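We name chains A, B, ... by the order of the sequence lines, and we start the count at 1 in each one. Just so it is clear, the structure is predicted and the values come from calculations on it, not from any experiment.
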Amino acid sequence: MKIKTPQPIRGTQDIFGEESLRFNHVVNKFDEIRKLYGFKRAEIPVFESTAVFARSLGETTDVVSKEMYSFPDRSGEQLTLRPEFTAGLTRAYLTSGWQQYSPCKIATHGPVFRYERPQKGRYRQFHQIDAEVIGAAEPEADVELLSLADQLLESLGIKQHVTLHLNTLGDSASREAWRAALIEYFQGHFDSLSQESQERLTRNPLRILDSKDPNDKIIAEKAPIIDDYLTEEAASFFKAVTTGLDAAGVAWMRDPRLVRGLDYYRHTAFEFITDQLGAQGTVLAGGRYDGLSEALGGNLTPAIGWAAGIERLAMLIDEPKEDAMNVAVIPLGEEAKNPAISILSKLRHAGISADMSWRGNMKRRMQKANSWGVRYAIILGDEELARNEATVRSMVTGEQQAIALDQIVDQILSELRNK
RNA sequence: GCGAUCGUAGCUCAAUUGGUUAGAGCGCCGGUUUGUGGUACCGGAGGUUGCGGGUUCAAUUCCCGUCGAUCGCCCCA
């Protein structure tokens, strides 16, 4: 009886070939830029106690109430695969002594999990790069974090496709006053709102502001904006952020209707949005979350962070070029196999990329060498071996010369340097 | 969770109004060349047409279900 191959789980992906090049290009650029800003690399678990996410993101948010992968482990403890990084990093800050490094500038990346309906640019296991500054109340932290994001997008060559939308949600006093005013305003237009927005009014009234329903949009345009409810401190904080961004040369656009889906956000909120990915236009987003630490039982710890979807960034960049192989080793016949392995090893230990086909006649192996884009082919046959030599063929010019086996590595090293 | 479109070799796609043995390009393996690539020519392997059921003399084609992908809503990165 034929065994059926198990199929991949809905919303997961296998990444290889060009996709993998793109994916890794994004990760590598992030690692490169993050060092320029003094952000330290951190690793945290893929799963946590469910409480880490349930308390911090807000029990009523969609992510917590219907999108988490939660399960009991063998001891009955309730665990959840991380749906984002911020809560786990904050938990680590509180439980692993990271407070001694405060303000803690952290970068990480890896898989995150959300049970959503998959689409292009939306997966159940997807990958984020993430940057956080934990333990800094200063607006300079906001500026630095946004500068990092901006420079990353620039170095990925997608800055021209992307706009930074910036808003403030105020401190908790501002936010509560604004929220109350919004509820009152939308209550007055309740019958004209879309059914979805009517539901949002009780669950997440700020979300009505970025509704896509055309009728909702008209109503939202006249809704009270946060500016009228900002405390003096909140207003001057936002001012410091925007003037700092101008000084750093980061282009931004005020979007008074920009809100965040998770409950922990305060003050600065932002999204880098592209028009090239359809409904999944948000490519990098975050904000300040001064209240999160207390929600996890810690002291008041001001913090700010962002996350970006690696898959979404990878779709926007130009196809990266992979470094071509330098050398192909081509043994002919049984006798040549081990000498070929020996040369291959010496080349690689000398820092020269080299590869060898394991099968096929000479023509096939030359074709393979050609497809690798190598500069040199080293041909090892009986005639060469008898003289302790190998034939080195330039794949560019077609010239061939016999070179003693013990001089091949040096010869190729010097020729590669001259290029 | 809701609505819509789609699903044919490893990949990208063909297959008249339902009609014989489901084709091509690329890739893979081999040959023209018993030791020479990027070109050309020849040959080969590889398919239960996503899966299950139904209508029909006959289904890749029509109907239902299911799984998956894509698009929009929702949500979000």
Once you apply the 3.5 Å cut-off to both distances, tell me the Watson-Crick or G-U wobble partner of A58(B), or none. none

Who is the Watson-Crick or G-U wobble partner of U66(B), with both distances under 3.5 Å? G50(B)

Pairing partner of A22(B) (Watson-Crick or G-U wobble, both distances under 3.5 Å): none

Residue Lys363(A), side-chain atoms from C-beta onward, closest of C76(B), C2(B), U32(B): U32(B)

Using purine N1 to pyrimidine N3 plus N6-O4 or O6-N4 for Watson-Crick, or N1-O2 and O6-N3 for G-U wobble, each under 3.5 Å, what pairs with A9(B)? none

Taking any heavy-atom pair under 4.0 Å as a contact, classify Tyr123(A): base, sugar-phosphate, or nothing. base

Starting at atom CD of Gln119(A), determine the distance to atom C1' of A77(B), rounded to an integer number of angstrom. 13 Å

Nearest to side-chain heavy atoms of Glu196(A), which nucleotide of C74(B), A40(B), U70(B): C74(B)

So, is Arg10(A) close to the A69(B) phosphate, meaning a side-chain N or O under 4.0 Å from OP1 or OP2? yes

Heavy-atom donor-acceptor pair, Arg365(A) side-chain to G37(B) base, under 3.5 Å: no

Consider the side chain of Asn370(A), meaning its heavy atoms from C-beta on, and name the nucleotide among G35(B), G37(B), A77(B) that approaches it most closely. G37(B)

Return yes if the base of C28(B) and the side-chain atoms of Arg364(A) contain a donor-acceptor N/O pair under 3.5 Å, otherwise no. no

Which residue lies more 5' along RNA chain B, comparing Ile310(A) with Gly360(A) via nearest heavy atoms: Gly360(A)

Base paired to A15(B) (Watson-Crick or G-U; both N/O distances under 3.5 angstrom): none

Among the nucleotides G38(B), C29(B), C75(B), which one has an atom lying closest to any side-chain atom of Gln367(A)? G38(B)

Please tell me which of the listed nucleotides, A77(B), U36(B), C28(B), lies nearest to the side chain of Arg122(A)? A77(B)

Complementary nucleotide for A40(B) - Watson-Crick or wobble, under 3.5 Å: U32(B)

What does C2(B) pair with, Watson-Crick or G-U, if both distances are under 3.5 Å? G72(B)

Within the 6.0 Å centroid threshold, strictly below: Phe237(A) and His267(A): yes

